[in-house]
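These values consider heavy atoms only, across backbone and side chains, with no hydrogens, waters or symmetry-generated copies. All residue numbers in this chain count up from 1 along the given sequence.
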Amino acid sequence: MDPFIAVLVFVATTLAIEGVYLVVQGQRRSDPGRVRSRLRTLAGHLQAEVPDSSGGGSLIRELGASRKSIVDLLLRQIPKRDTIDLLLYRAGSPMTTQRFIVVSGALAGGAWVASSVLLNDVFLGAVALLAGLLPWGVLARAARKRTELFEEQFPEALELLTRAMRAGHSMGVGLQLVGEEMPEPAGVEFAQVAEEIKFGLDVRQALANLAH
């Protein structure tokens, strides 16, 4: 085998293996603080559309939008970027959008090189490009599981919120209490709503963001 091709295949295989590793690692919940921090960052530009909302934009979201790097601004030009952000948020993944895109590209490129160059089969190489969809499948499954878990926790969260308000607390304080007492994912989501309201976002908009 040509030395250049051998090096190319080695690099592609390494990238593919690293891509699979990063996708799997990205779904672990070993660091809840990191997950919460990452979700707050993503929430900086994920906002539901609410007709006739008088609340305007969240200060949290405006601050998040003002801290974009040059790389992030370039990646914003990628089609469906918001779809990737939303999928990462719903999956509760600490993986950055940039890394997700790199992982998908590495898997697709690695599989293509290994198939078309190593096996000398162009058609198989074209099919192997579908390996780039693996991260999407992993995240979609994680998002579905996280949504199902949230739905299980939702009645308990509402009950806790109701008790807090009956005790004389405001809705904002009640939402914060739910965020502190409930585990992931309900705790994270209700804490995010409380934080948005605290920073001046209209309650209707904040609840719409939760549903989104």
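Going from atom NZ of Lys145 over to atom CG of Leu149 covers 9.5 Å, rounded to the nearest 0.5 Å. A distance of 6.0 Å separates CG of Leu201 from CG of Asn209, quoted to the nearest 0.5 Å. How far CG of Leu161 is from CD of Gln176: 12.0 Å, rounded to the nearest 0.5 Å. In this structure, CD on Gln205 lies 11.0 Å from CD1 on Ile197, to the nearest 0.5 angstrom. Note that CE of Met165 and CG of Leu177 are 11.5 Å apart. Values are rounded to the nearest 0.5 Å. To the nearest 0.5 Å, the span separating CD on Glu180 from CE on Met182 amounts to 13.0 Å.
Hydrophobic clustering (ILVMFWY, side-chain heavy atoms < 4.5 Å, transitive): Val102 and Leu107 are in distinct clusters. When the side chains of ILVMFWY residues are joined at heavy-atom separations under 4.5 Å, either directly or via intervening members, Val173 and Phe199 end up in two distinct hydrophobic clusters. With hydrophobic clusters built from ILVMFWY side chains whose heavy atoms lie under 4.5 angstrom apart, Leu88 shares a cluster with Leu86.
Between Phe150 and Val188, every side-chain heavy-atom pair lies at or beyond the 4.5 Å cut-off. Side chains of Glu189 and Arg146 form a contact here, defined as non-hydrogen atoms less than 4.5 Å apart.
Nearest approach of Ile101 to Ile84, heavy atoms of both residues: CG1-CD1, 4.1 Å. The two residues Ala157 and Phe190 come nearest to each other via the heavy atoms CB-CE1, 3.7 Å. Residues Ala143 and Leu87 share a closest heavy-atom pair of CB-CD1, 4.2 Å. Heavy-atom minimum distance, Pro135 versus Ser104: CG-OG, 3.6 Å. The shortest non-hydrogen separation linking Met95 to Phe100 is SD-CA, 3.6 Å. Closest of all the heavy-atom pairs between Gly174 and Ala164 is CA-CB, 3.9 Å.
Ion pairing between Glu181 and Arg163 fails under the 4.0 Å rule for side-chain N and carboxylate O.
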inquiry  = Does Leu175 form a side chain to side chain contact (heavy atoms under 4.5 Å, CB included) with Met171? I'd like the steps, not just the answer.
reply    = CA-CA 6 Å; Leu175 289 168; Met171 176 178 287; 3.9 Å; yes
request  = Go through His212 and Arg90 one step at a time and tell me if the side chain to side chain contact (heavy atoms under 4.5 Å, CB included) criterion holds.
outcome  = CA-CA 9 Å; His212 185 56; Arg90 288 177 175 171; 4.0 Å; yes
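In the model, Tyr89 has no side-chain atom that pairs as donor or acceptor with a side-chain atom of Gln192 under 3.5 Å.
In this structure, the side chain of Gln153 does not engage the main chain of Glu148 through any donor-acceptor pair within 3.5 Å.
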